[in-house]
Amino acid sequence: MPRNASGGRMYIVLTQAPKGTKDILPANIINWYYLENAIRRICAAYGYKEIRTPMFEHTELFKRGIGDTTDIVEKEMYTFNDLAGRSITLRPENTAAAVRAFIENKLYADNPLVKLFYIGPMFRYDTPQAGRFRQFHQFGAEAIGLPGPDVDAEIIMLAVQFLRELGLKKLKILLNSVGCPKCRPGYRKRLQEHLRENFGQLCEDCRSRFDRNPMRILDCKEEKCRQAAVGAPALQECLCDECAEHFAGLQKYLQAVGLAFELDNTLVRGLDYYTKTAFEIQCDLLGAQSAVCGGGRYDGLVEEVGGDPTPGIGFAIGMERVLILLENQGLLPPQEEKLSVFVAHAGQGTNLAAFKLLTELRSFGVAAEMDFSGRGMKSQFKLANRLNAQYVLVMGENELKKGVCALKNMQTGEQVEMPLGQVHDAVASKL
RNA sequence: GUGGUUGUGGUGAAGUGGUUAACACGGCGGAUUGUGGUUCCGUUAUACGAGGGUUCGAUCCCCUCCAGCCACCCCA
């Protein structure tokens, strides 16, 4: 019996999915198809190709890629040893793995810019909350190989177009530049100097961030930390020429296509690999977890993971969050139960004849059903009605004897008899 | 990891320290024997999240755990 931290027994209920996970049921799967179709359609327009990487990777990949001191790596990973003793981790995000695949499969050989997208489950040991789950799904895209702001603009527009095409409103696009290894250390030092004056005021978390990642302090919501941060140098003012130029270039591209965005110099992505461009798309209809999309440039990641120095940029969109937004904005696709034909049968030997009809119709791709539970004729019609059947084929004893069957139009109520051989043509001509 | 809140049948939802735990929806069957969507009737389901404690007795009181929801934190 497993025990929890306080020593109590943990009663695991077998008939209950693990905390923070969810079954996607038949009643909801249509929503996922809807999202996936939109993703594939738009990615095709943008020239991004789908990649599917394993659901787990060597733990080290995430430690190196995402960063040892990030929350994700420090306390949110599903990590275990496999039977040979390798440390394995369920992917908490997919950028590191995509980059690994890019290097391993030498995708750089094909093209100076490799454009990939992925859809799939990610795993993070977080306390569940509105819009937050332990297994959740991301749609993400990565453009690896070129450093220019035009690539940044393209990938941002990909994310934006996806969300827009779904009909989402009230989206806020936040933009920032987090600098590069050339300018960040200098900024870091200046920021620390500024914060040092009020170090005593900082909350406990921020004190521990002071050395490890002082930029995160700007993000803190504690009032005293915000006070301490007043007048802090803005990262955007300390960017090196290259980063500043890049950031300005990106804004020009976005302005050229008329995208409204906000600059937010407190936007700091929580993963270490980001350089230069960082962006986030928010919607306050989501609750506390207001980000639907987060992304940025990662010019050092490929090298960090063992490839040749190669720039890249990407984003990830939380699919459950998109679904939440679609639902509360009334934008989910209509649920349509579509059945073309219900084959009703009653009486001796009719079940075999009905099954033959059913199978024949299906072999032509017609959506057809029949009853397997021995209901009466009336119940079968009720069922056909509930299934929204357009037609009911009646195969009773009378019809069986005469070698015919009756085709009833459920909307008009009109019913015609026909020889068995004509059933398919009759149905096909009406559907 | 912390805090708040909730946990009754397939679903929504009443209720009580004590013989048969409402009601509604749904499901199934029927209203003249083989034809639906309305209506009416009947019927259905070993429902009190799990474990322990208090008590003569607990679904209702106490403790622990599990889960859902929400917030901190973090992020998609």
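Chain A is the first sequence line, chain B the second, and so forth, proteins listed ahead of strands; every chain is numbered from 1.
At least one side-chain nitrogen or oxygen of A:R375 sits closer than 4.0 Å to the OP1 or OP2 atom of B:C28. Contact check, A:T127 against B:C73: no side-chain N or O comes under 4.0 Å of OP1 or OP2. Residue A:T21 places no side-chain N or O under 4.0 Å from the OP1 or OP2 atom of B:A67.
Closest to the side chain of A:A291, from the set B:A67, B:U2, B:A76, is B:A76. If you check B:C75, B:G27, B:U35 against the side chain of A:R386, the one that comes closest is B:G27. Distance from the side chain of A:R132 is smallest to B:G1 among B:G29, B:G1, B:C75. Distance from the side chain of A:Y125 is smallest to B:G1 among B:G1, B:G30, B:C75. Set against B:U35, B:G34, B:G30, the side chain of A:K408 has B:U35 as its closest nucleotide. The listed nucleotides are B:G34, B:A67, B:C72; the one nearest the side chain of A:M377 is B:G34. In the set B:G34, B:A71, B:G37, B:G37 carries the atom at the smallest distance from any side-chain atom of A:K382. Out of B:C73, B:A76, B:G34, the shortest distance to the side chain of A:Q289 is found at B:C73. Minimum atom distance to the side chain of A:Q129 is reached by B:C73, of the listed B:A67, B:G36, B:C73. Across B:U35, B:U2, B:A76, the shortest atom-to-atom separation from the side chain of A:C293 is found for B:A76.
For the pair A:R134 and A:Y125, the cation sits on the ring face: its NZ or CZ lies under 6.0 Å from the ring centre, inside 45° of the axis.
Salt-bridge check for A:E74 with A:K63: failed, with every basic side-chain N at 4.0 Å or more from each acidic carboxylate O.
If you find the closest nucleotide of RNA chain B to A:K378 and to A:K75, the one lying nearer the 5' end belongs to A:K378.
A:F139 places its CZ atom 15 Å from the P atom of B:A76, with the value rounded to the nearest Å.
Nucleic acid contact class of A:G396 (heavy atoms, under 4.0 Å, all strands): base. A:Q415 comes within 4.0 angstrom of a nucleotide base, judged by non-hydrogen atoms across all strands. Looking at heavy-atom distances under 4.0 Å, A:G20 makes contact with sugar-phosphate atoms alone, never a base.
Just one residue in the list A:W32, A:F315, A:Y48, A:Y118 forms a ring pair (Phe, Tyr, Trp, His ring centres under 6.0 Å) with A:F139, and that residue is A:F315.
Searching all strands for a Watson-Crick or G-U wobble partner of B:C25 with both distances below 3.5 Å returns B:G10. Under the Watson-Crick and G-U wobble criteria, each requiring two contacts below 3.5 Å, nucleotide B:U54 is left unpaired. In this structure, B:C69 forms a base pair with B:G4, meeting either the Watson-Crick or the G-U wobble geometry with both donor-acceptor distances under 3.5 Å. Pairing for B:U16 is absent, with no Watson-Crick or G-U wobble pair whose two atom distances lie under 3.5 Å.
On a pure distance criterion of 3.5 Å, no polar donor-acceptor pair joins the side chain of A:Q380 and the base of B:U35.
For B:A24 and B:G17, the C1' atoms lie 28 Å apart once the distance is rounded to whole Å.
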*Given A:Y274 and A:Y298, is the ring pair (Phe, Tyr, Trp, His ring centres under 6.0 Å) satisfied, shown in steps?*
CA-CA 5 Å; A:Y274 286 113; A:Y298 44 81; 7.1 Å; no
